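Comments concern the structure below.
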Amino acid sequence: WYQRRVHRHSEGAALLEIALPELWVRPHYITSRVVQFSGPRVGNVGFVEYYDITAPFEHFRVTHGTDPVPKWPAFNSTYWQHVGCEAHYKEGAMDETTFMECDCSGEDRRCRVGTKRGNNFEDHVTFWGRDITKQC
């Protein structure tokens with residue numbers, strides 16, 4: 001038995017969310033924390049409720065500025081929602097002064113909209129000054 005910390009970005013984050021409910025019921029699979037970067041919405045309300053209530057680990061979503069991917073598909077209270085708690089960084093420098101901890105509903109409006117409207121793909125791939133696609 002050992003603990004795993006899982007980190008994924010974008011499409012990998014979406015696939016991880018879909019796969020984890022199957023994995024966490026298996027013997028000897030212990031994950032203590034999941035951190036995803038810029039993943040899209042993957043679940044309907046039933047999936048999100050099941051995931052958030054039964055997940056045996058912490059799940060955090062990190063979003064940045066006006067990254068368009070976490071806004072896809074468009075929010076719908078019945079179909080497309082996020083799981084876990086979101087940490088949203090404003091545009092520009094990513095440090096403790098630009099960080100906003102969102103509520104853990106998965107769809108805190110302050111974070112869902114971002115710090116301004118718009119879509120900036122550069123915010124999707126850049127975290128802490130690094131190209132995250134080369135880190136995850």
Side-chain angles (χ1 to χ4, degrees):
W1 294 63
Y2 57 94
Q3 293 189 354
R4 295 179 179 98
R5 293 189 178 165
V6 184
H7 309 260
R8 293 293 179 260
H9 176 256
S10 197
E11 183 182 6
L15 294 172
L16 178 67
E17 281 183 22
I18 293 167
L20 275 172
E22 176 66 25
L23 294 174
W24 77 55
V25 297
R26 297 182 182 257
H28 310 295
Y29 188 88
I30 299 172
T31 297
S32 59
R33 179 172 295 146
V34 172
V35 179
Q36 75 167 69
F37 296 88
S38 297
R41 295 179 177 97
V42 299
N44 65 16
V45 68
F47 176 82
V48 171
E49 286 176 357
Y50 173 77
Y51 191 105
D52 285 344
I53 291 169
T54 62
F57 48 76
E58 297 176 306
H59 185 123
F60 297 97
R61 295 181 302 104
V62 180
T63 60
H64 180 212
T66 56
D67 178 357
V69 174
K71 300 175 192 172
W72 299 337
F75 172 72
N76 178 302
S77 61
T78 304
Y79 296 106
W80 301 111
Q81 296 184 21
H82 282 297
V83 301
C85 298
E86 180 176 1
H88 181 78
Y89 287 88
K90 299 175 186 174
E91 306 85 6
M94 293 181 73
D95 59 37
E96 63 278 353
T97 65
T98 64
F99 171 85
M100 177 169 48
E101 187 174 341
C102 309
D103 70 27
C104 291
S105 69
E107 294 296 340
D108 185 332
R109 179 163 172 71
R110 298 170 304 144
C111 295
R112 184 171 72 230
V113 172
T115 55
K116 66 178 183 181
R117 297 193 185 276
N119 295 314
N120 180 355
F121 188 72
E122 202 55 39
D123 282 348
H124 180 65
V125 297
T126 306
F127 285 79
W128 298 286
R130 296 181 180 185
D131 183 342
I132 193 89
T133 61
K134 296 177 178 147
Q135 306 296 316
C136 293

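The shown structure was predicted, so the numbers you read here are calculated from the model rather than taken from an experiment.
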All side chain to side chain contact (heavy atoms under 4.5 Å, CB included) counterparts of [X], not counting sequence neighbours:
X      : value
Glu101 : Phe99
Pro21  : Trp24, Phe47, Tyr50, Tyr51
Asp103 : Ser105, Asp108

Considering only Ile, Leu, Val, Met, Phe, Trp and Tyr, and joining two whenever side-chain heavy atoms are under 4.5 Å apart, list the other residues clustered with Trp72.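 Grouped by the 4.5 Å side-chain rule, Val69 form the rest of the cluster around Trp72.
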
What's the verdict on side-chain contact (heavy atoms from CB on, under 4.5 Å) for His9 and His124, showing C-alpha distance, side-chain angles and the deciding distance? CA-CA 9 Å; His9 176 256; His124 180 65; 3.5 Å; yes

Pairs where residues 33-89 contributes a residue and the test disulfide (SG to SG under 2.5 Å) is met, not counting sequence neighbours: Cys85-Cys104

Closest heavy-atom pair and its distance - [X], [Y]:
X     : Y     : answer
Ala13 : Phe37 : CB-O, 4.4 Å
His82 : Gly39 : CE1-O, 3.3 Å
Gly43 : Val48 : O-CG2, 4.0 Å

Is Phe60 reachable from Val42 through a run of hydrophobic residues whose side-chain heavy atoms are each under 4.5 Å from the next? no

Look only at the side chain of [X] and the backbone of [Y], and say whether a donor-acceptor pair between them is shorter than 3.5 Å.
X     : Y      : answer
Arg41 : Lys71  : yes
Asn44 : Trp80  : no
Arg8  : Ala14  : no
His64 : Thr126 : yes

What I'd like to find out is whether the side chain of Leu16 reaches to under 4.5 Å of the side chain of Gln36, using heavy atoms alone. no

Could you grab the distance from atom NE2 of His59 to atom CD of Glu17, nearest 0.5 Å is fine? 4.5 Å

Check against side-chain contact (heavy atoms from CB on, under 4.5 Å), Phe75 and Gln81: CA-CA 6 Å; Phe75 172 72; Gln81 296 184 21; 3.9 Å; yes

Would you please name every residue forming a salt bridge (Lys or Arg N to Asp or Glu O under 4.0 Å) with Glu58, sequence neighbours left out?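 By the salt bridge (Lys or Arg N to Asp or Glu O under 4.0 Å) rule, Glu58 matches Arg33.
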
